Chemist: 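My questions will all concern the structure given below.
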Amino acid sequence: MAVIPFHKVDISEQELEAVTQVIRSGWLTSGPVANEFEQSFAKMVNASHAVALNSCTAALHLALEAVGVRQGDEVIVPTMTFAATAEAVLHVQALPVIVDIDPSDHNISLAAVEQAITPRTRAIIPVDFGGQPADIPGLLELAHSQSIYVIEDAAHAFPAKIQGQSIGSLSDITCFSFYATKTITCSEGGMATTKNREWADRIRRKSLHGISRHPYDRSLGERKWFYDVVEQGWKYNLSDMAAALGLAQLQRVHTMWQRRFEIAVQYTAWLKELDEIELLTIYPSRETSWHLYVIKLISERLTINRDRFIQELEKRGVNSSVHFIPLHLHSYFRSSCHHTIGDMPNALDAFERSISLPIYSSMTDEEINRVGEAVRNICKKHRR
Ligand SMILES: *Cc1c(COP(=O)(O)O)cnc(C)c1O
């Protein structure tokens with residue numbers, strides 16, 4: 001019995017051809033393909049500006065710099081996220097203030113954010129957990145009334161919508177990830193989108209050493225050798241090779257989303273009647289990218305815990321994962337580099353009971369059924 005991996009990339013001939021074409025062209029680093037990727041992406045999420053970067057972490061870092069977050073400022077982040085969300089805050093010498101989540105969808109709790117705001121709060125970084133948008137309109141209203149910026153960590157949320165509006169068009173700056181396991185991939189890559197031209201320009205400049213003229217634009221103009229370093233920057237640009245992969249994936253984004261949606265529908269049909277399992281609430285006003293499909297065990301109804309459940313899945317040839325180990329449980333974040341607000345009972349409970357099932361466009365019907373059957377079978381066998 002073949003093992004069903006937790007993730008498998010979906011790469012077609014189109015991607016192979018696009019990347020090969022870039023290699024043959026002789027221009028490998030950021031150039032025309034990265035530009036085209038930015039334009040197509042901006043159009044798709046209805047953003048005025050998009051800047052391609054080499055990761056979502058880089059996008060978060062430069063977004064915080066662009067809006068002016070600096071040493072001594074506080075930035076509110078949810079504990080239920082990947083390290084990158086808080087790491088970016090540390091990159092600008094600001095203080096991550098870690099708060100609890102809403103148990104229904106694992107997104108940042110608006111009440112917890114309200115409680116965490118101080119005169120030093122400069123930004124909030126909501127994470128669209130698993131691809132379902134956080135309450136971005138609610139957060140924007142709360143933040144903007146107090147001169148606080150919303151930098152959205154949409155690493156999971158392409159494509160996704162809230163109240164009919166695309167993620168990428170709402171927050172002050174939205175950051176996407178094209179890491180290998182995300183909904184579209186560049187192998188490694190990211191994108192920052194915004195309505196603000198000045199912020200976009202600053203992010204672009206800082207992504208390449210604070211240099212005034214982009215190497216590709218220089219290659220087309222006069223005095224090709226001339227550039228000026230106008231501010232301190234970083235090395236965060238996206239190469240054309242990576243962008244070619246992303247651009248080809250972009251053409252297939254709806255087909256790939258459709259498949260993940262079908263998988264979610266099938267899983268839900270298999271699992272919704274099980275008394276031993278709870279599913280996350282998907283709010284009618286939100287369209288998720290279905291990056292993750294999370295089940296939560298109802299501990300009182302099972303004789304085994306989450307870790308044993310994962311082992312039982314493995315025995316049946318199904319690999320799974322856990323999203324996330326809350327930030328405040330990591331040894332580094334337990335040290336003095338952050339503030340936490342309260343004990344975060346919702347995140348702790350969610351962490352103890354959560355399992356992420358495989359969900360990706362290259363899954364076959366047989367694999368989907370095997371996952372559903374494995375979960376049902378384990379519940380039946382280990383029912384209390
Ligand atoms: C993957 C991920 C990131 C980081 O993305 P990179 O492109 O690898 O830098 C940030 N936040 C969340 C929630 C993620 O899952």
Side-chain angles (χ1 to χ4, degrees), residues 6-7 9 34 37-38 41 50-65 75-92 96 98-99 101-102 105-108 123-134 136 139 150-160 167-168 171 173-193 203 207 234-239 242-243 245-246 249-250 260 280 288-294 321-330 333 347 350-351 354 356 359-360:
F6 175 66
H7 185 78
V9 290
F37 183 40
E38 286 173 344
F41 193 86
V51 185
L53 300 159
N54 62 10
S55 72
C56 177
T57 311
L60 290 166
H61 175 185
L62 295 185
L64 290 166
E65 274 199 337
V75 178
I76 299 171
V77 302
T79 192
M80 190 57 92
T81 185
F82 182 59
T85 317
E87 188 189 313
V89 177
L90 296 170
H91 283 332
V92 295
I98 301 177
V99 304
I101 51 160
D102 186 315
D105 62 354
H106 294 189
N107 275 320
I108 196 165
I124 304 166
I125 312 184
V127 174
D128 302 314
F129 182 88
Q132 176 171 211
I136 303 298
L139 284 161
V150 176
I151 310 288
E152 187 175 349
D153 182 340
H156 298 178
F158 179 67
I167 291 305
S171 291
I173 303 179
T174 308
C175 303
F176 295 91
S177 174
F178 310 128
Y179 179 70
T181 58
K182 300 287 158 69
T183 55
I184 69 163
T185 185
C186 291
S187 74
E188 297 278 0
M191 191 78 79
T193 63
I203 291 171
S207 75
W234 310 88
K235 183 66 170 84
Y236 282 162
N237 59 301
L238 186 74
S239 76
L245 184 49
Q249 292 254 289
L250 210 54
R260 290 194 306 277
L280 296 186
T288 166
S289 70
W290 287 113
H291 171 55
L292 297 178
Y293 192 96
V294 173
S321 191
V322 175
H323 294 88
F324 287 95
I325 302 163
L327 280 184
H328 71 284
L329 296 187
H330 290 280
F333 289 104
F351 167 59
S354 289
S356 303
I359 181 165
Y360 41 90

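Numbering of residues begins at 1 and proceeds along the displayed sequence. Just so you know, ligand 1 is whichever comes first in the structure, and atom 1 is the first atom listed for that ligand. Nothing here was measured: the structure is a model prediction, and the numbers come from that model.
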Chemist: Do the rings of Y293 and W290 sit parallel, tilted or perpendicular, given the 30° and 60° boundaries?
Modeler: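 Ring orientation of Y293 relative to W290: parallel.
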Chemist: At less than 4.0 angstrom from any non-hydrogen atom of G189, what atoms of ligand 1 do you find?
Modeler: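 The atoms of ligand 1 under 4.0 Å from a heavy atom of G189 are 7 (O).
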Chemist: Between L62 and I173, does a side chain to side chain contact (heavy atoms under 4.5 Å, CB included) hold up when you go through it step by step?
Modeler: CA-CA 10 Å; L62 295 185; I173 303 179; over 6 Å; no
Chemist: Looking at CG of D105 and CG of L280, how far apart are the two atoms once the value is rounded to the nearest 0.5 Å?
Modeler: 7.5 Å
Chemist: For atom 11 (N) of ligand 1, what is the closest protein heavy atom, and at what distance to 0.1 Å?
Modeler: D153 OD2, 2.8 Å
Chemist: Does I325, at its CD1 atom, have more than 12 non-hydrogen atoms belonging to other residues, nucleotides or ligands within less than 6.0 Å?
Modeler: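 No, because the 6.0 Å sphere around CD1 of I325 holds 12 heavy atoms or fewer from other groups.
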Chemist: Taking 4.0 angstrom as the limit and counting only heavy atoms of A84, give me the atoms of ligand 1 inside it, by number and element.
Modeler: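 Heavy-atom distances to A84 below 4.0 Å select 4 (C), 10 (C).
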Chemist: Tell me which protein heavy atom sits closest to atom 9 (O) of ligand 1, plus the residue, atom name and distance to 0.1 Å.
Modeler: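 Of every protein heavy atom, T57 OG1, 2.5 Å lies nearest to atom 9 (O) of ligand 1.
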Chemist: Below 3.5 Å, N or O to N or O, backbone or side chain included: is there any such pair between T81 and ligand 1?
Modeler: no
Chemist: Can you tell me the protein heavy atom closest to atom 12 (C) of ligand 1 and the distance?
Modeler: A155 CB, 3.5 Å
Chemist: Under 3.5 Å, is there a donor on one side chain and an acceptor on the other for S356 and H323?
Modeler: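 Side chains of S356 and H323: pair found under 3.5 Å.
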Chemist: Within the structure provided, determine whether V294 and F129 are in side-chain contact (heavy-atom separation under 4.5 Å).
Modeler: yes
Chemist: What is the nearest protein non-hydrogen atom to atom 7 (O) of ligand 1, stated with its residue, atom name and distance?
Modeler: S177 OG, 2.7 Å
Chemist: Considering all heavy atoms of both residues, which atom of L60 and which atom of E152 are nearest to each other, and what is their separation?
Modeler: CD2-O, 4.4 Å
Chemist: Taking all atoms of both residues into account, what is the closest heavy-atom pair of F6 and Y360, and its distance?
Modeler: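 Looking at all heavy atoms of both residues, the shortest contact is O-CE2, 3.0 Å.
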Chemist: Please list, in number order, the atoms of ligand 1 under 4.0 Å from a heavy atom of V127.
Modeler: 13 (C)
Chemist: Report the part of C56 in contact with ligand 1, treating N, CA, C, O as backbone and CB onward as side chain, heavy atoms under 4.0 Å; options are side chain, backbone, both, neither.
Modeler: both
Chemist: In the protein, which heavy atom is nearest to atom 1 (C) of ligand 1, and how far is it?
Modeler: K182 NZ, 1.6 Å
Chemist: Yes or no: does C175 have any heavy atom under 4.0 Å from an atom of ligand 1?
Modeler: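 Judged by the 4.0 Å heavy-atom criterion, C175 does not count as contacting ligand 1.
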Chemist: Closest non-hydrogen protein atom to atom 15 (O) of ligand 1, residue and atom name please, with distance?
Modeler: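 Here the closest protein heavy atom is H156 NE2, 2.7 Å.
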